[in-house]
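Residue numbers start from 1 in every chain, and the chains themselves are labelled A, B, ... in the order their sequence lines are given, proteins ahead of strands.
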2 protein chains.
Amino acid sequence: MPDATLGPSAFIVLGFLNHAGPATAYDLKRWVDDSVGFFWSFPRSQLYAEPQRLVTLGLLAETQEESGRRRRLYSVTDAGRAALADWRRSPAGMPELRDPGLLRMFFTPEEDHAALRALAAGQLRQHQERLATYRDMLGGEPCPWPERPPFTRTLRMGELYEQACLTFWQEVLDGLRPE
Amino acid sequence: MPDATLGPSAFIVLGFLNHAGPATAYDLKRWVDDSVGFFWSFPRSQLYAEPQRLVTLGLLAETQEESGRRRRLYSVTDAGRAALADWRRSPAGMPELRDPGLLRMFFTPEEDHAALRALAAGQLRQHQERLATYRDMLGGEPCPWPERPPFTRTLRMGELYEQACLTFWQEVLDGLRPE
DNA sequence: TGGGACATGTAAGAAGTTACATGATTAT
DNA sequence: ATAATCATGTAACTTCTTACATGTCCCA
């Protein structure tokens, strides 16, 4: 039974290995860190735990080196590929904003203009940086995963999101000016 | 020691009680469900656990009814208000997109136009609904928390975000058309 | 040949998810 | 008066955060 208890982390592992072939947990980390990690983080402590779990579920196969570091190499089984395909066809839920800056603003009294100004200024700066990063990646040298065009697409969503954030915090700041 | 281990959930509890005065965990739930919950969910299982934790930290005071339901009423202590104020001044990190639809797209082969079309269409529909909800709340009757203008602000961010999502998924769909 | 960076892994505790369970209120 | 719903709470399990710990490689 392929079990319904597979979370997003499971599919990041499956998706990566399906794309990259046999690899170690650390390979996964490096790959995640500068691709999917920009919009969906993969916790360190799951790096080794999640592949193990998938092995027990029969979705991954594992071989361990005899010499040296005795690293564990994982690869996707047929069952794993099937689970991945099923997941891709399953309905996707809605994201949650979960913006720490927004949360602080929510609990800041409307009349505390100094606090709001500081918050908005800080958020503007960070979002500008992030947007610049995305644009470098979009415009710069051919990305490290030329065979992975969907990443360019997700970058586009990142760009749109950062623009929305800049618009928002700028509006907040502008609404404060007269004060 | 007020402990550095306070997460966002803690500040939602503190912020609510600081605003609303003594209240029960269930009051918290109702309030969260149609305000801050739109961009930062508060898990059911934390509803009763988190206030308890804050009591042991001295940030909340608790009184329990003698009769009937023996409900627990919480209120913020001076230490609690201080912790809240500190948090509001602390630097806010960046949000993570964490969009399940984006994640599926990332792991869908570029050439599988049928899958991409289905995904984009579904996401468009959901984001349209959400946007309509926000606009009702913005334009409709004066919101249930007239004393809480920041909520109108966070709604504005929600509106901008949903618009960005609609733009994005529409672009995805348009890029597929010729196929 | 030794110091830093890279690579690999574990563990404890916090937070989140899901399902269950039951006492009050309300409506019909 | 009784079914539905609201209100209140617990328990089991999964995931995440954070910190620690160590081994291996590179290169000056």
Any side-chain N or O of B:R98 below 4.0 angstrom from OP1/OP2 of D:dT15? no
Whole-Å distance, B:L54 CG to C:dA14 P, equals 13 Å
Side-chain contact check for B:S45: nearest option of C:dT8, D:dA7, D:dA11 is D:dA11
Between CD of B:Q52 and P of D:dA11 the distance, given in whole Å, is 13 Å
Worksheet item: Hey, does B:S9 reach any base, or is it just sugar-phosphate, or nothing, if we go heavy atoms under 4.0 Å?
Response: sugar-phosphate
When A:E50 and B:Y26 are each assigned the nearest nucleotide of DNA chain D, the 5'-most assignment goes to B:Y26
Whole-Å distance, B:R44 CZ to D:dC6 P, equals 13 Å
Please check if B:F38 and A:M94 belong to a single hydrophobic cluster, counting links between Ile, Leu, Val, Met, Phe, Trp and Tyr side chain heavy atoms closer than 4.5 Å. no
### Message
Are A:F106 and B:W31 an aromatic pair, judged by ring center distance below 6.0 Å?
### Response
yes
To the nearest angstrom, the CG-P distance between B:L47 and C:dC20 comes to 19 Å
note: A:K29, atom NZ; C:dG9, atom C1'; distance rounded to Å ~ 13 Å
Taking C:dA7, D:dA7, C:dT8 as options, the one with an atom nearest any side-chain atom of B:R30 is D:dA7
So side-chain hydrogen bond (donor to acceptor under 3.5 Å, both in side chains) across residues 45-60 of chain A, not counting sequence neighbours, yields A:E50-A:R53, A:Q52-A:Y74
Atom CD of B:Q46 and atom P of D:dA11 are separated, to the nearest Å, by 15 Å
Under-4.0 Å salt bridge between B:R81 and B:D78: yes
Has A:R72 got a side-chain N or O lying under 4.0 Å from the OP1 or OP2 atom of C:dG9? yes
Between CG of B:D33 and P of D:dA7 the distance, given in whole Å, is 11 Å
- Task: Start with the C-alpha gap between A:E96 and B:R98, add the side-chain angles, then the distance that decides, and say whether salt bridge (Lys or Arg N to Asp or Glu O under 4.0 Å) holds.
- Result: CA-CA 7 Å; A:E96 196 176 82; B:R98 217 151 230 273; over 6 Å; no
- Message: Under 3.5 Å, is there any donor-acceptor pair linking the side chain of A:R71 to the base of D:dG23?
- Response: no
note: A:Y48, atom OH; C:dA11, atom C1'; distance rounded to Å ~ 15 Å
Of B:D27 and A:S41, the one whose closest nucleotide on DNA chain D sits nearer the 5' end is B:D27
